[in-house]
Amino acid sequence: MDLSMLNDNQKLGVTTTEGPVLILAGAGSGKTRVLTYRTAYLIEEKHVEPYNIMAITFTNKAANEMRERINNIVGHGSNAIWVATFHSTCVRILRRYIDRIGYDTSFTIYDTDDSKKLIKEVLNRLNIDPKRYAERMCLNVISSYKNELINPEKALLDVHNKAGDDTVARIYREYQVMLRDNNALDFDDLIMKTVELFSKCPEVLSNYHERFKYIMVDEYQDTNTAQFELIKHLAKRNKNLCVVGDDDQSIYKFRGANIYNILNFENNYPETTVIKLEENYRSTPNILDVANAVIKNNTMRKKKTLRTSKQEGDIVNFIRCDTSYEEADKIASDIDKMARLSIYSYGQSAILYRTNAQSRLIEERLIAETIPYKIIGGTNFYSRKEIKDIVSYLKVVSNPYDDMAITRIINVPKRGIGATTISRISDYAYANNMTFREAMGICDEIGTLSKAASAKVLKFFDYLEKLSEFSKTSLVSELIEKIIEDTEYVENLKSEGTEEARDRIDNIDELVSKVYLYEENARANEEEISLDAFLSEVSLVADIDNLEDENDVVVLMTMHSAKGLEFPNVYIAGMEENLFPSGRSLGSPDEESEIEEERRLCYVAITRAMERLTLLSCAQRFTRGQVSYNAISRFVKEIPQDLLNGNVWEPKPRESDVSTNVSDFYRVKKEPVSAKKYKVKNFGSKINKAPLDYAVGDRVKHMKFGEGEVTLINDGGRDYEVTVDFDTAGRKKMFASFAKLVKI
DNA sequence: CACAGGTCTCTTTTT
DNA sequence: GAGACCTGTG
C-alpha cells in the first residue's frame with residue numbers, strides 16, 4: 001500500500017495496528033487521514049475483514065465521510081465496517097438486545113424537549129415546586145449522573161451518606177421509572193443502558209468481542225465516563241484500541257466529557273504506544289501563531305507545539321465595532337468583497353460565534369446583501385412543531401407505551417379533547433397502573449369523564465388501533481402519507497394561507513421525502529425497512545450532518561459545531577468578555593477551569609481557518625432585549641499586538657455618543673427584513689432552480705428594495721442571476737432563489 | 001374547552 | 001426579544 005503521502009508519525013499511526021494506541025493529534029494535523037489510511041491498511045495489508053473493524057466518530061457526517069474515503073482507497077467493502085457515532089452505535093446494539101434488561105426493542109428515544117416535559121410531569125407527581133427545582137437544573141444533574149454511570153439508587157445513597165438534600169435524586173428515580181413506563185430512553189440512557197447491558201449480559205458482549213477486533217475512536221478528548229466504560233468493555237478482549245484526540249480541543253465538558261480519559265489513557269492501558277502528530281497542514285503560520293498565543297495560557301494541557309511549513313499568509317484581522325449591527329455589516333460586506341474579487345467564494349467563508357442567538361443579526365445582514373448562506377444549528381429540523389406532530393404519530397405506532405407522543409397528538413388536529421380530559425385519563429391510568437393508551441380504551445369506565453368526552457377519546461383510540469393495524473403491512477412512506485391524509489394536517493395548514501403555514505407545509509414535504517430517502521437507502525444497503533430504524537435515524541441526526549459542501553454558500557454556526565471542519569476564510573464574531581468567555585464561566589465556583597474550556601473553544605475556532613482569519617468584537621450589543629456594553633475578550637488581548645492587524649487597545653466608545661444614539665439606531669435598523677419571512681431553507685439539500693414566473697421587462701417586487709424592472713436574467717447553472725433596476729434602490733444583481741422576487 | 005392576551009423568566013455550547 | 005405560563009372570556 002502506498003503510504004508515501006504520509007509523514008513519519010502519520011505512518012506510525014497507520015501501521016501500529018496491534019495493542020492500545022494513543023494518537024495525540026493537534027488541530028489540522030491530518031488525523032482523519034491517519035484513521036482512514038489505518039483502516040485501509042488493516043484491510044489491505046493485515047487482511048482484517050472489514051466486518052471486524054469498528055470506528056466511532058463524533059458526528060454522522062464524519063462517519064459518512066470516513067466511509068467514503070476508505071472506499072476511495074480500498075475500492076470496496078467499506079460497507080461492512082461499523083462506522084457510527086456513540087449514540088447510533090448504542091441504538092443499534094440496544095434495538096437488538098435491550099429486552100434482556102427489561103425494555104421493549106421498539107423503545108422511543110426522547111430528545112431534550114421530551115425529557116423536559118417528562119421532568120415537569122415528575123415534579124407534578126412528587127409535588128415538588130418547580131421554582132425551587134428548575135427543570136433545566138434537574139435535567140443537568142440527572143444527565144451528569146448518567147454520564148458518570150450513577151443509577152438512581154446509588155445517587156440516593158450518595159446523597160443520604162452526605163446527609164444532603166435528596167430531592168433531585170428522588171426526581172431522578174421517578175424520572176427513570178416514567179421513562180421505563182413509556183418504554184423510552186433519553187440520549188444519556190443510550191450509552192448508560194448499553195454499558196448496563198454489557199455488564200449484565202456477558203454473552204452479548206462476547207458476540208461483539210467476536211466482531212470488533214479493531215476499534216478506533218475519534219475525538220477521544222470529548223468522551224465521557226460512560227463512553228469510556230463502553231469502549232473499555234468492547235476492547236477488553238482484543239485490546240486493539242486506537243484513540244485519536246487533542247486535549248486542547250476538549251470543549252464538551254458541559255456534556256460530561258472527561259478530559260482525564262485522554263490525559264490518563266496511558267495509565268489505563270499500560271502498553272500504550274503514544275504517537276504525536278504535530279505538523280499542521282491546514283493553517284498559515286500567522287494563524288497558528290495566534291492560536292498558540294491563546295492556548296498557551298492554559299495550564300492543564302499536554303505540551304505540544306504545532307509546526308507548519310506553509311507560506312506565512314495574511315496577518316490576522318481584528319475589528320472592534322461600535323455595535324453588533326456594525327459587526328454584521330462588516331462581515332457581510334467583507335464576504336461580498338471577497339466574492340466579487342474572486343478571492344474567496346461564498347462557500348469558502350464561514351462565520352463562527354459563541355451562541356446561536358448571535359446568528360440572527362448576521363443573517364439579516366446577509367439577506368440584505370443577497371449573500372447565500374446556511375445556518376447550522378439553532379432549532380433542529382426535528383424539533384419543529386409540525387415535524388414533531390407527525391413524527392409523534394409514527395412514534396405512537398411504533399411504541400404504544402409512549403404516552404408523551406399520544407398526549408401530544410390527541411388533540412392535533414383539534415378533536416375537542418382538552419387538557420382537563422387528558423389529565424383525567426392520565427390520573428386514572430396512573431392510579432390503576434396502566435398506560436395512557438390502555439386507559440383511553442376503557443375510558444367510558446372512568447367516572448370523572450363525561451359521556452361526550454369519552455366518546456371523543458374512544459374515537460381517537462379506535463383510530464390509533466386502525467393505524468397500528470395498517471402499519472403492519474405498510475411501508476413507512478405509506479404510513480406517513482396516510483397519517484397526513486387522515487389528519488388533514490396539510491389541508492388545515494393550506495386553509496390558513498399564511499406564509500408561516502406555507503413554511504410548515506414545506507417542512508412536512510421535506511419530512512416525507514426523508515422517509516422515501518430512508519427507504520431508498522435501506523433498499524440499496526439491503527437492510528430491512530423498519531419504522532423503528534427510521535425513527536432512530538430521525539432522533540440522532542445532528543444539524544451538521546446535513547452540511548454538504550457542493551453548495552456555494554456561506555456557513556454560519558457555533559464554534560462547537562465547527563469542530564472538525566476547515567474553511568479558507570473565517571470570521572469569529574463576538575469576541576467580547578461576558579459573551580466569549582461566556583458570562584456563565586465568569587465568577588463561577590471553578591472559574592479557572594471554565595475559562596480554560598472557553599479558551600480551548602477559542603483555539604478550536606481559530607484553527608478552523610486555513611488562510612484568512614478575522615476576529616470581531618463590539619462595544620455594545622443587544623442581549624435579552626437589553627443593550628449591554630462589553631470589553632474586548634481577554635482572548636484577543638492574549639494575542640501579541642504584532643500578530644494582529646487592528647488595534648486591541650482602542651479607547652472605549654464615548655458613552656455620550658452611543659447611549660443617546662442607541663434607541664434611534666436600533667429603531668432604524670430593527671425594522672428591515674424579518675428574517676423569518678425571508679428565510680431561505682435548504683440551500684444545501686435541494687437544487688433551488690425553480691422556473692421563474694417573470695421575464696426581462698417585467699415589473700417585480702423585492703421585500704427590501706421595493707419595486708423595479710427586470711433588465712437581465714442569466715442562467716447561472718444552479719440558479720438564475722437576475723438584474724433588476726429598482727425605482728429607489730438602483731440596479732441590483734441577485735440570485736433568483738434568494739431574492740424571492742414577486743411579479744406585479 | 002378553545003383561544004386571546006397579558007405577564008414572567010431567561011440563555012452558552014449538543015447527541 | 002422569544003417562549004413558556006397564566007388568566008379571563010366566549
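Lettering of chains follows the sequences in order, A, B, ..., and the numbering in each one begins at 1.
- Not counting sequence neighbours, A:Asn182 has no partner by the side-chain hydrogen bond (donor to acceptor under 3.5 Å, both in side chains) test.
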Q: In sequence, state the C-alpha distance, the side-chain angles, and the governing distance for A:Lys459 and A:Tyr463, and then conclude on side-chain contact (heavy atoms from CB on, under 4.5 Å).
A: CA-CA 6 Å; A:Lys459 196 170 160 218; A:Tyr463 174 67; over 6 Å; no

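- Going from atom CD of A:Glu135 over to atom P of C:dG3 covers 17 Å, rounded to whole Å.
- Whole-Å rounding puts the A:Leu586 CG to B:dT11 P distance at 17 Å.
- The nearest heavy atom of DNA chain B to A:Glu594 and to A:Arg415 marks one nucleotide each, and the one closer to the 5' end goes with A:Arg415.
- Put simply, CZ on A:Phe622 is 11 Å from P on C:dA2, counting in whole angstrom units.
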Are there any protein N/O atoms within less than 3.5 Å of an N/O atom in nucleotides 6-10 of chain C, and if so, which ones and at what distance?
none

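- A:Asp329 has a carboxylate O that lies under 4.0 Å from a charged side-chain N of A:Arg365, or vice versa, which qualifies the two as a salt bridge.
- Around atom CD of A:Glu591, more than 12 heavy atoms belonging to other residues, nucleotides or ligands sit under 6.0 Å away.
- The stretch residues 120-129 of chain A has no heavy atom under 4.0 Å from DNA chain B, so no residue of it qualifies as close.
- Comparing C:dC6 with B:dT11, their C1' atoms sit 22 Å apart, to the nearest whole Å.
- Between A:Arg360 and A:Glu363 there is no salt bridge, since none of the side-chain N atoms of the basic residue sits less than 4.0 Å from a carboxylate O of the acidic one.
- A:Asn411 comes within 4.0 angstrom of the backbone, heavy atoms only, and of no base.
- With rounding to whole Å, A:Ile410 atom CD1 is found 11 Å from B:dA2 atom P.
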Look for any protein N or O under 3.5 Å of an N or O in nucleotides 3-6 of chain B and output each such pair with its distance, or none.
from	atom 1	to	atom 2	distance (Å)
B:dC3	OP2	A:Lys414	NZ	3.3

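- Taking the charged nitrogens against the carboxylate oxygens, A:Asp389 and A:Arg504 have no contact shorter than 4.0 Å, which rules out a salt bridge.
- Nearest-nucleotide positions on DNA chain B place A:Gly418 closer to the 5' end than the other of A:Gly418 and A:Ala134.
- Sequence neighbours left out, the pairs with a member in residues 127-147 of chain A that pass ring pair (Phe, Tyr, Trp, His ring centres under 6.0 Å) are A:Tyr145-A:Tyr172.
- Scanning for side-chain hydrogen bond (donor to acceptor under 3.5 Å, both in side chains) contacts around A:Ser617 gives A:Arg320, with sequence neighbours left out.
- The ring pair (Phe, Tyr, Trp, His ring centres under 6.0 Å) search around A:Phe534 returns A:Tyr518, not counting sequence neighbours.
- Applying the side-chain hydrogen bond (donor to acceptor under 3.5 Å, both in side chains) criterion to A:Arg608, with sequence neighbours excluded, gives A:Gln249.
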Pairs under 3.5 angstrom, nitrogen or oxygen only, protein versus nucleotides 13-15 of chain B, please.
from	atom 1	to	atom 2	distance (Å)
B:dT13	OP1	A:Asn356	N	2.9
B:dT13	OP1	A:Asn356	ND2	3.4
B:dT13	O4'	A:Arg354	NH2	3.4
B:dT13	O2	A:Arg354	NH2	2.5
B:dT13	O2	A:His560	NE2	3.4
B:dT14	OP1	A:Thr558	OG1	3.0
B:dT14	OP1	A:Ser561	OG	3.2
B:dT14	OP2	A:Asn356	ND2	3.4
B:dT15	O2	A:His87	NE2	3.2

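- Sorted by first and then second residue, the ring pair (Phe, Tyr, Trp, His ring centres under 6.0 Å) pairs with a member in residues 581-606 of chain A form an empty list; sequence neighbours excluded.
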Output a table of donor-acceptor pairs, distance under 3.5 Å, between side-chain atoms of residues 215-223 of chain A and any protein atom two or more places apart or on a different chain; print 'none' if there are none.
from	atom 1	to	atom 2	distance (Å)
A:Asp218	OD1	A:Lys31	NZ	3.2
A:Glu219	OE1	A:Gln221	NE2	2.9
A:Glu219	OE1	A:Lys563	NZ	3.3
A:Glu219	OE2	A:Lys31	NZ	3.4
A:Gln221	OE1	A:Asp246	N	3.1
A:Asp222	OD1	A:Ile251	N	3.1
A:Asp222	OD1	A:Tyr252	N	3.3
A:Asp222	OD2	A:Lys563	NZ	2.1
A:Thr223	OG1	A:Tyr220	O	2.8
A:Thr223	OG1	A:Asn261	ND2	3.0

Show me the side-chain donor-acceptor pairs of residues 115-126 of chain A shorter than 3.5 Å, one per line, residues at least two apart or across chains.
from	atom 1	to	atom 2	distance (Å)
A:Ser115	OG	A:Asp111	O	3.2
A:Ser115	OG	A:Tyr175	OH	3.2

